[in-house]
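Just below is one structure, and these are the notes that go with it.
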Amino acid sequence: TNLLSIVRVLFEFSTTGNVINSVLISSMKLKMYDMSLARERLYLALDAVVYLLILYYTVRMIMDWWSVGLMWISDFFNMCEVLISMSTITFLVVYLRVLRMHDVMTRGDNWLTADLTTVPVTYQSLFTMMAWITLLCIFKMFKYLKLDKSMMVIFDVLFKAGPDLSSF
């Protein structure tokens, strides 16, 4: 298989004689992209398409911001758009750095001596960032629902009922 599992078992002996243990089991791929497999080449191509779409989306946002001026940022949905772009670009930079770190640590026999415990934790942080970006995209979707007149009524009712629902 292409998986490397890291098992960390810690035992702490307290002054009262208790033993406190904790276990951390993490798995990661030895190779992020195995170019001998067609599926992996497809994943890499899809990643490239996503990065190009991120670039296009960011350029479109900057052009809209430039054409409207500072009033553009006062809208909540436009602020979500800025947060989506900033979060996505930050994620992309961190992801590329993690890929580089991952490749350096797992090249050859380096994985036998390298401290790989940080790599799975970093991947978990990246998944958290992806969840944040997804949540922002869901907020952004409400802008397009608001543009439809029939959806505008539903959106206004949910917006007015939001504080009551959240306190309930």
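All residue numbers in this chain count up from 1 along the given sequence. What you see is a predicted model; the values in this text were computed from it and never measured.
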Quiz item: Does one hydrophobic cluster hold both Leu55 and Ile62, with members joined at side-chain heavy-atom distances below 4.5 Å?
Solution: no
Quiz prompt | Connected-component partners of Leu10 among ILVMFWY, side-chain separation under 4.5 Å | solution = none
Practice problem: For Asn78 and Ile73, run side-chain contact (heavy atoms from CB on, under 4.5 Å): C-alpha distance rounded to whole Å, both residues' side-chain angles, the deciding distance at 0.1 Å, then the answer. | Solution: CA-CA 6 Å; Asn78 291 339; Ile73 199 126; 5.9 Å; no
Self-check item: From Thr58 atom OG1 to Met63 atom CE, the distance as rounded to the nearest 0.5 Å
Solution: 12.5 Å
Self-check item: Other ILVMFWY residues reachable from Leu53 by side-chain steps of under 4.5 Å
Solution: Val49
Quiz item: Transitively linked via ILVMFWY side-chain contacts under 4.5 Å: Ile54 with Val94?
Solution: yes
Self-check item: Main-chain N/O of Met71 paired with Ser74 side-chain donor or acceptor, under 3.5 Å
Solution: yes
Quiz item: Transitively linked via ILVMFWY side-chain contacts under 4.5 Å: Ile89 with Leu83?
Solution: yes
Practice problem: Would you indicate whether the side-chain heavy atoms of Leu92 and Tyr51 approach each other to under 4.5 Å? | Solution: yes
Exercise. For the residue pair Met61 and Trp72, establish whether any side-chain heavy-atom pair is separated by less than 4.5 Å.
Key: yes
Self-check item: Cluster link Val68 to Trp65, ILVMFWY, side chain under 4.5 Å
Solution: yes
Quiz prompt | Spatial distance of atom CZ (Phe11) from atom CG (Asn21) [nearest 0.5 Å] | solution = 5.5 Å
Quiz item: Is Phe13 reachable from Val23 through a run of hydrophobic residues whose side-chain heavy atoms are each under 4.5 Å from the next?
Solution: yes
